[in-house]
Amino acid sequence: MSSSNRCKPNILVTGTPGVGKSTLCEQVAEITGLEWIQVGAFAKENDCLDEFDEEYKCPVLNEDKLLDELEEKMSEGGRIVDYHGCDFFPERWFDIVFVLRTDNTQLFDRLRQRGYSGKKLDDNIQCEIFQTILEEAQESYQAEIVHQLPSNTPEEMESNVEQITAWVEQYVKNNS
Ligand code: DAT
């Protein structure tokens, strides 16, 4: 359910790697005072990574340990969580979920710039084309709280930051 007793909301920002989650979260966190939790970095700092996946060339997340480590923060509220997956978080953690979307030619360029190539690049582009994360979010959370946001241009980024910031301000007003 989206209703909670939290004075400050918890937001999930998800989507394929490269769609702009971190850029967006950093700005929203700065304006609203929510704490930005970049799950990959948090997992690294809190020892929640398991063995290295050779195929994808990235470490595997220990999801159970991560959830334990995050529980207290999430129960307090006031967090903006940034991750390219969303089906293993407790539904009760989030008041709203944003799925960022990017056209695949743009995404291709961004991921190439990040140094992705081969299977890792192809799989991520396919992930976006097949709306994998959007469907994951729709299957994991109430439809009313899941919102898609286009993230192709700086103007769209700015508009997304403004919309989310306004939503946070309204939430805080309603819950104070
Ligand atoms: P993510 O955290 O989803 O992996 P990011 O925030 O690191 O993505 O962004 C990846 C790159 O793309 C980064 O160089 C900033 C750029 N970018 C992201 N969203 C954008 C947008 N809406 N317009 C222009 N550039 C964008």
Side-chain angles (χ1 to χ4, degrees), residues 9-46 48-49 52-53 55-61 63 66 69-70 73-74 78-89 93-141 145-168:
N10 286 326
I11 299 175
L12 174 62
V13 178
T14 190
T16 309
V19 292
K21 299 180 294 296
S22 299
T23 309
L24 176 90
C25 288
E26 186 174 19
Q27 291 181 41
V28 171
E30 195 172 325
I31 299 167
T32 61
L34 297 186
E35 183 190 1
W36 170 29
I37 297 177
Q38 204 175 14
V39 168
F42 182 92
K44 204 168 168 188
E45 283 158 20
N46 292 276
C48 303
L49 295 175
F52 201 76
D53 184 320
E55 191 176 353
Y56 288 97
K57 308 221 182 312
C58 63
V60 176
L61 200 58
E63 294 176 357
L66 178 86
E69 294 286 338
L70 276 175
K73 281 178 179 285
M74 298 309 294
R79 266 70 189 195
I80 181 161
V81 172
D82 162 359
Y83 197 56
H84 58 257
C86 60
D87 60 355
F88 63 96
F89 300 119
W93 274 7
F94 297 106
D95 300 289
I96 198 160
V97 176
F98 294 102
V99 185
L100 302 190
R101 303 300 311 279
T102 301
D103 295 339
N104 56 60
T105 47
Q106 304 242 21
L107 189 64
F108 186 88
D109 291 343
R110 290 185 200 165
L111 292 178
R112 278 291 290 269
Q113 273 204 336
R114 194 181 266 187
Y116 286 20
S117 62
K119 182 169 168 55
K120 189 168 179 172
L121 177 62
D122 294 345
D123 285 359
N124 279 299
I125 297 296
Q126 279 211 12
C127 173
E128 187 60 11
I129 292 172
F130 290 126
Q131 315 200 123
T132 310
I133 312 288
L134 176 65
E135 282 175 18
E136 190 178 312
Q138 286 168 337
E139 282 162 16
S140 306
Y141 302 92
I145 73 159
V146 177
H147 304 275
Q148 267 192 93
L149 295 173
S151 179
N152 297 293
T153 61
E155 291 72 29
E156 286 176 345
M157 175 63 72
E158 197 182 323
S159 154
N160 294 339
V161 170
E162 277 170 12
Q163 284 181 61
I164 297 175
T165 303
W167 181 89
V168 172

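Atoms within a ligand are numbered from 1 in the order they appear, just like the ligands themselves. Hydrogens, waters and symmetry mates are skipped; everything else that's a heavy atom, side chains included, is used.
Within a 6.0 Å radius of CD in Glu30, no more than 12 heavy atoms belonging to other residues, nucleotides or ligands are found. Heavy-atom neighbours of Glu158 CD from other residues, nucleotides or ligands within 6.0 Å: at or below the threshold of 12.
The CZ atom of Arg79 sits 11.5 Å away from atom CZ of Phe94, with the distance rounded to the nearest 0.5 Å.
In this structure, atom 14 (O) of ligand 1 is not in close contact with the protein, since no protein heavy atom lies within 4.0 Å of it.
Of the listed options Glu158, Lys21, Arg110, Arg114, Arg114 places a heavy atom closest to atom 7 (O) of ligand 1.
For ligand 1, the atoms closer than 4.0 angstrom to any heavy atom of Pro154 are 23 (N), 24 (C). With ligand atoms numbered from 1 in the order given, ligand 1 contributes 19 (N), 20 (C), 22 (N) to contacts under 4.0 Å with heavy atoms of Met157. Residue Val19 has at least one heavy-atom neighbour below 4.0 Å for each of these atoms of ligand 1: 3 (O), 8 (O), 19 (N). Per-residue contacts place Pro17 under 4.0 angstrom from the following atoms of ligand 1 (heavy atoms of the residue considered): 4 (O). Atoms of ligand 1 found under 4.0 Å from any heavy atom of Thr153, numbered from 1 in the order shown, are 21 (C), 22 (N), 23 (N), 24 (C).
The main-chain N or O of Asn104 is never found under 3.5 Å from a side-chain atom of Glu128 such that the two would form a donor-acceptor pair.
Checking Gln38 against Ser22 by side-chain atom types alone, a donor-acceptor pair falls below 3.5 Å. Thr23 and Gln27 are not linked by any side-chain donor-acceptor pair at a separation below 3.5 angstrom, with hydrogens and angles left out of the test.
Here Asn152 has backbone heavy atoms under 4.0 Å from ligand 1, and that is the only part of it that gets that close. When heavy-atom distances to ligand 1 are checked against a 4.0 Å cut-off, Thr23 comes that close through both its backbone and its side chain.
Using a 4.5 Å heavy-atom cutoff, the side chains of Val97 and Thr14 are in contact. Leu107 is not listed as a side-chain neighbour of Asn124, based on a closest heavy-atom distance of 4.5 Å or more.
Closest protein heavy atom to atom 8 (O) of ligand 1: Gly20 N, 3.1 Å.
Of the N or O atoms in Leu24, none lie within a sub-3.5 Å distance of an N or O in ligand 1.
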